[in-house]
Engineer: 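Quick one: the structure is below, questions incoming.
Scope of the values below: all heavy atoms of this structure, side chains included, with no hydrogens, waters or symmetry mates. The chains referred to below are lettered A, B, ... by the order of the sequence lines, with proteins before strands, and numbering in each begins at 1.
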Amino acid sequence: MKRSLTLSLLLGMSVFAADYSSVIEVPDAAKIIQKDLLPPLGVNKMPTECITTDSKAIARGAYIFHNLNGENAKGNAPEGLSKTVENGKPKQYGNCVACHNIEGAVGGGNIGPDLTNYTEVFVKTGVRDAQYVYAKIADPRVDNPHTDMTVNLTTKLFNEKEICELASYVLSKK
Amino acid sequence: MRKVLQIALSVLVASSLAYGSEQFSMSDADRALYEELLDNNPADMMLASGSEHLDALGGTASLAKYLEQSKDSLASYLAGFPRYIDKYKSVVSIDQMLQAFMHDSGKKPYALKSSDMFDISSYVKSIANEQPINIDINANEHMKKAYALGKEVFNTRRGGRGLSCYNCHNPGVVGRILRTQPLPDISAKGNASAATWPAYRMTKSNLATLQKRFQGCMENALLAVIPLGSKEMTALEVYFTHEAKGAPIAIPGLKR
């Protein structure tokens, strides 16, 4: 008896208390975020024959460095680099210049260090080596878990070959 | 209100001097336009249309009554959104509250992303102009949770470039240059984001809400864009609004 009374009270309440779940839009975002999360840092060992002086590879690295994506990039992409991906959407590039100054930078940012004359300043002084440059571009958490730099290999934005081209460009004589 | 915008402008000009005009995002022509628009914000027209939408629902008086506020307390109450409303059993932004208000007034609610909703919700927030933001993230468990979630979403690295909001909006990088654009201080005096959105965006020629602006950064930085009104979006708004607590509301803002 007591039980059914409580039940009917509850029923009554749900009749009177308006249910706003069909009135107020609250779409789900948890799944979108879950799928979008950054995987943990892995080991990014530089492939053999990664750093090259091949001018075509360096040209690709430079193009990826200085542009945001295939849609807003000016001029033709260098040989071996596409402006679009399979589904026809613009290919994303590195937009490294948004944060770094470097030789020939147009509107270079200053969130990251100036990479001008990199080999002279950073490598010949013994501060950095090629493996570091590769690993840093692949996933900058390598020496700074709280880095503000973009993650380029772990996110699959680029493949190992493209990271090598970027590193080759940074290390090249300009 | 115009004064607040002028402070924002002078901060912008100051930072352009500090970093050299070549790196600055606004050309002289843009800056001239900005100054002109300060006295004649195109978004005023959208707010006027929002005011008409509210009139069709009985105007400010019926909104105040619906929210159980007096004519005098309404502005300060509106300056406390997003807030937990028991009747809805959730933390809501002004636009979501308006959806419920429209429904309870026998009208079909505007969709969150419709321009009608942008107009009316911007107008309703502007009723609180000059009121200091008084969000209370400790008001109850729901607000505490929303704030914690907002902070988590803000700090979560994700997307094509593995960035979080925090990477570009932390004290260490404020004022630094991201490809010609100075990174803004989202809680700066006189220009705190939550107090200056909804705003007219000169680069987009439209009125955008704070949540819409969040979506803009997600898109630019390759974070998957999450929908307006989702728990996570509202939580981000709670987080940003708390960052601007005490700042006088100045709607519509004017942004690059």
Side-chain angles (χ1 to χ4, degrees), chain A residues 16-41 66-69 72 89 91-101 105-112 138-141 144-158, chain B residues 19 22-25 85 87-90 92-93 95-104 109 111-113 117 152-153 156-164 166-168 170 172-173 175-183 218 220-235:
Chain A
F16 290 115
D19 177 5
Y20 286 90
S21 64
S22 60
V23 175
I24 298 175
E25 278 176 70
V26 186
D28 184 60
K31 282 197 208 83
I32 301 176
I33 292 178
Q34 196 60 37
K35 273 215 311 242
D36 202 39
L37 293 177
L38 176 63
L41 173 70
H66 287 275
N67 287 291
L68 173 63
N69 59 44
N72 86 342
K89 290 214 179 116
K91 179 171 168 61
Q92 295 297 332
Y93 299 141
N95 201 25
C96 317
V97 74
C99 296
H100 294 284
N101 191 29
V106 177
N110 63 5
I111 296 166
D139 192 327
R141 292 174 293 176
N144 176 5
H146 306 296
T147 181
D148 292 325
M149 174 159 153
T150 51
V151 179
N152 297 290
L153 186 66
T154 316
T155 49
K156 299 203 173 82
L157 191 64
F158 299 114
Chain B
Y19 288 102
E22 212 179 294
Q23 274 190 321
F24 192 58
S25 55
I85 296 186
K87 189 167 155 187
Y88 312 148
K89 298 273 171 276
S90 56
V92 290
S93 301
D95 51 359
Q96 291 167 311
M97 175 275 286
L98 287 171
Q99 287 192 318
F101 175 48
M102 294 174 91
H103 172 265
D104 291 343
L112 291 182
K113 62 174 183 214
M117 181 55 100
E152 189 189 332
V153 175
T156 299
R157 298 189 78 123
R158 60 186 181 92
R161 300 190 196 274
L163 291 174
S164 72
Y166 181 82
N167 288 138
C168 295
N170 68 68
V173 298
R176 295 229 186 157
I177 305 295
L178 180 80
R179 195 163 209 155
T180 75
Q181 287 171 29
L183 292 172
M218 291 175 197
N220 288 342
L222 293 191
L223 282 68
V225 175
I226 60 174
L228 305 178
S230 57
K231 244 173 63 189
E232 289 74 5
M233 264 298 192
T234 309

Engineer: Do the side-chain N and O atoms of A:Glu25 and B:Gln99 include a donor-acceptor pair separated by under 3.5 angstrom?
Structural biologist: yes
Engineer: Can you tell me how far the CZ atom of B:Arg179 sits from the CG atom of A:Leu68, to the nearest 0.5 Å?
Structural biologist: 7.0 Å
Engineer: May I ask you to decide if A:Asp28's main-chain N or O and B:Ser230's side chain share a donor-acceptor pair within less than 3.5 Å?
Structural biologist: no
Engineer: Treating A:Asp36 as the side-chain partner and B:Arg158 as the backbone partner, does any N or O pair qualify as donor plus acceptor under 3.5 Å?
Structural biologist: no
Engineer: On a heavy-atom basis, which atom in A:Ile32 and which in B:Ala224 lie closest, and how many Å separate them?
Structural biologist: CG2-CB, 3.6 Å
Engineer: Is B:Arg176 reaching over with its side chain to a backbone N or O of A:Ile111, donor-acceptor style, under 3.5 angstrom?
Structural biologist: yes
Engineer: Looking at B:Leu228, B:Ile226, B:Val225, B:Asn167, which has the largest count of heavy-atom pairs under 4.5 Å with chain A?
Structural biologist: B:Asn167
Engineer: Crowded around B:Lys231 NZ? As in, over 12 foreign heavy atoms under 6.0 Å?
Structural biologist: no
Engineer: I'd like to check A:Val23 versus B:Pro109 (side-chain heavy atoms, cut-off strictly below 4.5 Å). Are they in contact?
Structural biologist: yes
Engineer: How long is the span from the CZ atom in B:Arg161 to the CG atom in A:Leu38, to the nearest 0.5 Å?
Structural biologist: 13.5 Å
Engineer: Which distance, rounded to the nearest 0.5 Å, do you find between the OG of B:Ser93 and the CD1 of A:Ile24?
Structural biologist: 10.0 Å
Engineer: Taking B:Met233, B:Gln96, B:Arg157, B:Lys89 one by one, which has the highest count of heavy-atom pairs under 4.5 Å against chain A?
Structural biologist: B:Arg157
Engineer: Using a distance-only test with no angle check, is there a side-chain donor-acceptor pair under 3.5 angstrom linking A:Tyr20 and B:Asp104?
Structural biologist: yes
Engineer: Given a strict heavy-atom distance threshold of 4.5 Å, which part of A:Thr147 is in contact with chain B: side chain, backbone, both, or neither?
Structural biologist: both
Engineer: Side chain, backbone, both or neither: which part of B:Asn170 has a non-hydrogen atom closer than 4.5 Å to chain A?
Structural biologist: side chain
Engineer: Go through it in stages, so that I can follow the logic: the residues are B:Leu222 and A:Thr150, the test is side-chain contact (heavy atoms from CB on, under 4.5 Å), and I'd like the CA-CA distance, side-chain angles, deciding distance and then a yes or no.
Structural biologist: CA-CA 11 Å; B:Leu222 293 191; A:Thr150 51; over 6 Å; no
Engineer: I'd like to check the ring-ring contact (aromatic ring centres under 6.0 Å, His included) partners of A:His100; sequence neighbours left out, ordered by chain and number.
Structural biologist: none
Engineer: Checking B:Phe101 now: which residues fulfil ring-ring contact (aromatic ring centres under 6.0 Å, His included) with it, not counting sequence neighbours?
Structural biologist: B:Tyr66
Engineer: Name the region of A:Ala30, side chain, backbone, both or neither, that has any atom closer than 4.5 Å to a heavy atom of chain B.
Structural biologist: both
Engineer: Work out which heavy atom in A:Leu37 is nearest to a heavy atom in B:Thr156; give both atom names and the distance.
Structural biologist: CD2-CG2, 3.4 Å
Engineer: Tell me, side chain or backbone of B:Leu178 under 4.5 Å from chain A's heavy atoms, or both, or neither?
Structural biologist: both
Engineer: Would you mind checking which part of B:Ala221 comes under 4.5 Å of any heavy atom in chain A, side chain (CB onward), backbone (N, CA, C, O), both or neither?
Structural biologist: neither
Engineer: Kindly give the heavy-atom pair with the smallest separation between B:Gly162 and A:Val151, and that separation in Å.
Structural biologist: O-CG2, 4.1 Å
